[in-house]
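Report on one structure; see the data block that follows.
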Amino acid sequence: MDRFGRLGHSFYSQPTLIVAELLLGKQLVKVERDGSTLSGLITEVESYIGTEDLACHARNGRTERNQAMFGKAGKAYVYFTYGIHWMFNIVTESEGMPSAVLVRGVTPIDGISTMRQRRQSNDKDLSNGPAKFTQAFGIDLRWNNTNLCDPKSDLYINDLDQKTPMFVKSPRIGIDRTPEPWLSKPWNFKVIG
DNA sequence: GCAATGATACAG
DNA sequence: TGTATCATTGCT
């Protein structure tokens with residue numbers, strides 16, 4: 001599982017759009033308390049870049065909710081929204097520059113039976129959305145600020161040493177009230193097929 | 001097309 | 001302290 005190695009801080013500290021593109025096709029892994037493993041290949045990501053980006057949660061500066069984004073690259077920023085859903089982001093750039101990549105979908109690889117238990121859906125809808133994915137993987141506030149680079153952390157991303165798959169760029173999803181030019185920035189990357 | 005469901009942010 | 005909003009999902 002860990003054969004190709006966990007991605008480290010130097011990977012995540014690259015410019016956000018670079019990290020976002022390179023994350024496509026990488027293997028997101030979570031080790032459960034019982035020792036079993038959940039994993040999936042990242043299929044869709046979205047970038048939120050700094051205080052200038054008016055769609056980014058850090059647009060109004062640091063708050064209790066978004067403080068993880070101001071931390072080191074490679075840490076998780078997890079937040080609750082719509083009263084129901086958890087969202088999982090990976091912090092990018094240098095410390096103090098609040099930017100992150102939202103994981104919006106993965107293709108399940110390991111632990112599919114666990115994902116089926118946690119979600120009541122057909123296999124197609126197991127993890128093909130930002131909150132579907134966190135529910136399938138059991139990710140919530142407890143993973144906020146988790147350092148994905150730490151060899152001891154139960155959540156990390158594995159470099160499979162594969163070429164970045166073909167993908168399309170689109171405007172970001174669900175940010176309708178964001179003013180231009182940020183509304184139209186093609187910062188949603190989605191693998192084709 | 002819209003309800004669910006509650007934390008967050010900001011106005012007053 | 002009140003309330004509009006929300007980086008969504010699932011059902012009608």
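Every chain is numbered from 1 and lettered A, B, ... according to where its sequence line falls, protein lines coming before strand lines. Reckoned from all heavy atoms, side chains included, excluding hydrogens, waters and symmetry mates.
Following rounding to the nearest Å, Trp86(A) (CH2) and dT8(C) (C1') show an atom-to-atom distance of 14 Å. As rounded to whole Å, 7 Å separates atom P of dG6(B) from atom CZ of Phe80(A). Put simply, OH on Tyr77(A) is 10 Å from P on dT8(B), counting in whole angstrom units. As a whole-Å value, the separation of Met87(A) CE from dG6(B) C1' is 14 Å. Following rounding to the nearest Å, Asn89(A) (CG) and dC6(C) (C1') show an atom-to-atom distance of 14 Å. As rounded to whole Å, 12 Å separates atom C1' of dT8(C) from atom CD of Glu46(A). Atom C1' of nucleotide dT8(B) and atom CG of Leu141(A) are separated by 13 Å, given to the nearest angstrom. Between Leu102(A) atom CG and dA7(C) atom P the separation is 10 Å, expressed in whole Å.
Considering Thr114(A), Val106(A), Asp154(A) as possible partners of Leu38(A), the one that fulfils the side-chain contact (heavy atoms from CB on, under 4.5 Å) test is Thr114(A).
The residue Arg172(A) sits apart from the nucleic acid: no heavy atom pair falls under 4.0 Å. Counting any heavy atom pair closer than 4.0 Å across all strands shown, Arg119(A) reaches sugar-phosphate atoms only and no base atom. Within the nucleic acid shown, Asn60(A) comes within 4.0 Å of sugar-phosphate atoms alone, with no base atom in reach, counting heavy atoms only. Residue Ala55(A) is classed as a base contact, given a heavy-atom separation below 4.0 Å to a base. Ser121(A) comes within 4.0 angstrom of no nucleic acid atom, judged by non-hydrogen atoms across all strands.
Residue-to-nucleotide contacts include no donor-acceptor pair under 3.5 Å from the side chain of Tyr79(A) to the base of dA7(B).
Two residues are said to be in side-chain contact when any heavy atoms from C-beta on lie closer than 4.5 Å; Asn89(A) and Val101(A) fail this criterion. At least one side-chain heavy atom of Ile139(A) sits less than 4.5 Å from a side-chain heavy atom of Leu155(A).
Ring centroids of His57(A) and Tyr79(A) are separated by less than 6.0 Å, placing the two rings close together.
Comparing Tyr48(A) and Gln120(A) by the nucleotide of DNA chain C whose heavy atom lies nearest to each, the residue mapping closer to the 5' end is Tyr48(A). Mapped onto DNA chain C by nearest heavy atom, Gln135(A) and Phe88(A) fall at different nucleotides, with Phe88(A) at the one closer to the 5' end.
Nearest to the side-chain atoms of Ile84(A) among the listed nucleotides dC6(C), dT9(C), dA4(B) stands dA4(B). Listed nucleotides: dG6(B), dA9(B), dT9(C). Nearest to the side chain of Lys132(A): dT9(C). Counting only heavy atoms from C-beta on, Arg177(A) has its side chain closest to dT5(C) among dT8(C), dT5(C), dG6(B).
A cation-pi arrangement, defined by a distance under 6.0 Å to the six-membered ring centre and an angle within 45 degrees of its axis, is present between Lys30(A) and Trp143(A).
In this entry dA7(C) has no Watson-Crick or G-U wobble partner, no candidate having both defining distances under 3.5 Å. dT5(B) is unpaired under the Watson-Crick or G-U wobble criterion, no partner having all donor-acceptor distances under 3.5 Å.
Comparing dG2(C) with dT5(B), their P atoms sit 23 Å apart, to the nearest whole Å.
For the OP1/OP2 pair of dA9(B) and a distance below 4.0 Å, the side-chain nitrogens and oxygens of Thr63(A) include at least one atom meeting the criterion. Note on Arg104(A): a side-chain N or O is less than 4.0 Å away from OP1 or OP2 of dT8(C).
Under the 30°/60° scheme for interplanar angles, the aromatic rings of Phe88(A) and Phe133(A) are found to stand perpendicular.
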